[in-house]
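Below is one structure; the comments refer to it alone.
Only a predicted model underlies this, so the values are computations on that prediction, with no experimental measurement involved. All ligand and atom numbering here is 1-based and tracks the order in the structure.
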Amino acid sequence: MKPTLYICREMPEEVIVPLRDVYEVDMWHSSSEAVPRDVLLQKVATADALWTVISDQITEEVLDIASHLKIIVNMAVGYNNIDVKAAKERGIMVTNTPDVLTETTADLAFALLMATARDLMGAENALREGRWTSWEPLGFTGVDVFGATLGIVGMGRIGEAVMRRAKGFDMTVLYHNRSRKHETEEMYGCQYVELPDLLAKSDFVLILVPYTAETEGLIGKKELNQMKETAILINVARGGIVDEEDLFHALHTKKIYAAGLDVFETEPVPLDHPLLTLPNVTVLPHIGSASIRTRMAMMKLNVEALQSWAKGEEPSHRVC
Ligand code: NAP
Ligand code: GLV
């Protein structure tokens, strides 16, 4: 008997084909709508393997039902959607998809930084809505990226890839990280600072730490007050790392200049969310890794992990 695999989103058939040789594959029928909780709970009860995406919350409640489950392959580098401790206690391995998305996510982070600095979305909307009436001396003006100071909170794979881009823009790069990166400092001339120092000195603060118990609410009222009034906050990590209510107040009262957000506490972000009412916020629907090549590479890693497990081999990129 083949083991059973449940895939929580519709994936392209050509990606799934090799898995059909080794698994009984069952798959949620939509690529754009999340699998409903009751369906997930029903499917996980008999699955040996589970393919998740970041919006699938694999909590203890799910794992308690998953009496056959041996492996979860998460199509993301971040795995805060999975209770890894509870999975480990139950002998369920979890894999993720690092590295293949690093450069694509760094591209997006830098694009969002630039779009926010120059309010590209605001300018485009003005053009489309007929508000481009003439060339204005101070019309559609933003702030410079070239030569500015970038503070990266979380100098991991993606943080370092963004730093390489920033160097091409002659930016001074400060960083804060759990551990010092001496080699990176030597190679790129970036400088380690404590978080308050980074917040006080940076023109752009970029959040790239994972979402964990330690980083939840890492940027709140106190931290936003430490930033320059001209500073821009960019979050491409996870929404819960920044307190959204405090961010709204900081932006509304011009304590900081602007924010660029690819991630939100609740995703999809509700359309009546206060942050969406502000003109100095650039928002994106969590598209950091969204290039075709990268998403295909992430799928391939999940397929490989599932194939390895089915052969009794150690899957790559285990997080537990
Ligand atoms: P990574 O290589 O693991 O980098 C994370 C960095 O954060 C590491 O250098 C780590 O320090 C540091 N860190 C962890 N906890 C910290 C803390 N409490 N205080 C300070 N630094 C801390 O991960 P990555 O591949 O760069 O990805 C980073 C995150 O980006 C992911 O976890 C995910 O949430 C997010 N992401 C978002 C998108 C998107 O679509 N928007 C796409 C991909 C990733 P150490 O070096 O000491 O471990
Ligand atoms: C996306 O957010 C990821 O963690 O890969």
Side-chain angles (χ1 to χ4, degrees), residues 9 51-58 72-82 84 94-113 115-116 151-165 173-185 188 190 192-199 205-220 223 233-242 259-265 267-269 282-291 294-302 317-319:
R9 282 299 181 290
W51 176 322
T52 52
V53 302
I54 49 171
S55 43
D56 303 317
Q57 297 300 321
I58 309 302
I72 304 171
V73 294
N74 198 41
M75 193 181 147
V77 65
Y79 47 86
N80 52 285
N81 56 310
I82 299 170
V84 170
V94 177
T95 68
N96 69 343
T97 60
D99 303 321
V100 294
L101 48 59
T102 295
E103 300 299 335
T104 301
T105 308
D107 279 352
L108 187 279
F110 210 78
L112 179 57
L113 183 155
T116 310
I152 300 178
V153 183
M155 185 59 95
R157 289 168 290 234
I158 303 169
E160 187 174 320
V162 175
M163 179 192 56
R164 283 189 270 105
R165 286 154 178 76
V173 179
L174 309 176
Y175 79 97
H176 178 71
N177 198 65
R178 185 168 50 188
S179 51
R180 280 283 292 267
K181 306 275 172 169
H182 293 285
E183 264 182 42
T184 311
E185 288 174 30
Y188 296 102
C190 56
Y192 176 85
V193 287
E194 292 304 326
L195 186 58
D197 213 13
L198 180 146
L199 296 169
V205 173
L206 171 63
I207 309 300
L208 267 170
V209 284
Y211 186 35
T212 63
E214 290 81 53
T215 63
E216 182 170 2
L218 183 70
I219 305 295
E223 291 72 26
L233 180 79
I234 304 293
N235 188 6
V236 291
R238 286 292 184 269
I241 298 165
V242 177
L261 307 172
D262 185 42
V263 288
F264 299 86
E265 270 174 39
E267 296 184 0
V269 64
T282 301
V283 289
L284 293 173
H286 204 142
I287 57 166
S289 64
S291 75
T294 290
R295 287 288 167 83
M296 294 305 282
M298 291 162 72
M299 290 178 204
K300 188 163 175 270
L301 284 188
N302 271 9
H317 307 303
R318 274 186 72 169
V319 298

Measuring only between side-chain heavy atoms, which start at C-beta, is [X] closer than 4.5 Å to [Y]?
X: N74; Y: N81; result: yes
X: R238; Y: P210; result: no
X: E160; Y: T102; result: no

Next on the checklist: So, using side chain to side chain contact (heavy atoms under 4.5 Å, CB included) as the criterion, who are the partners of P285 when residues are at least two apart?
Outcome noted: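 Partners of P285 by the side chain to side chain contact (heavy atoms under 4.5 Å, CB included) criterion, ordered by chain and then number, come out as I287.
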Next on the checklist: Restricting to side chain to side chain contact (heavy atoms under 4.5 Å, CB included), what partner residues turn up for V100, sequence neighbours left out?
Outcome noted: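 V100 satisfies side chain to side chain contact (heavy atoms under 4.5 Å, CB included) with A297, M298, L301 only.
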Any N or O of [X] closer than 3.5 Å to N or O of ligand 2:
X: R238; value: yes
X: G78; value: yes
X: M75; value: no

Checklist entry - Taking only residues two or more places apart in sequence or in another chain, which ones pass ring-ring contact (aromatic ring centres under 6.0 Å, His included) with H286? => result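 If we apply the ring-ring contact (aromatic ring centres under 6.0 Å, His included) test to H286, skipping adjacent residues, there are no hits.
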Checklist entry - Taking atom types as modelled and ignoring hydrogens, do the side chains of S55 and R9 form a donor-acceptor contact shorter than 3.5 angstrom? => result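 Indeed, the side chains of S55 and R9 share at least one donor-acceptor pair under 3.5 Å.
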Checklist entry - Y175 and E185: side-chain donor and acceptor closer than 3.5 Å? => result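 Their side chains do contain a donor-acceptor pair, which is all the 3.5 Å distance test asks for.
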Checklist entry - Quick one: which ligand 2 atoms are inside 4.0 Å of a heavy atom on L101? => result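 Within the 4.0 Å cut-off of L101, ligand 2 contributes 5 (O).
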Checklist entry - Under 4.0 Å from any heavy atom of A76, which atoms of ligand 2 are there? => result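 Under 4.0 Å from A76, ligand 2 has these atoms: 3 (C), 4 (O), 5 (O).
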Item to check | Closest approach of any protein heavy atom to atom 2 (O) of ligand 2, naming residue and atom | outcome: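 For this ligand atom, the closest protein heavy atom is H286 NE2, 2.6 Å.
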Checklist entry - Which residue and non-hydrogen atom of the protein lie closest to atom 5 (O) of ligand 2, and at what distance in Å? => result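 That would be V77 N, 2.8 Å.
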Item to check | Set of residues that line ligand 1, where lining means a heavy atom lies under 4.0 Å from it | outcome: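 Residues within 4.0 Å of ligand 1: V77, G78, T105, G154, M155, G156, R157, I158, N177, R178, S179, K181, L208, V209, P210, E214, T215, V236, A237, R238, D262, V263, H286, G288, S289.
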Checklist entry - Could you state the interatomic distance from CD1 (I234) to OG1 (T116), rounded to the nearest 0.5 Å? => result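 Output value for this atom pair is 4.0 Å.
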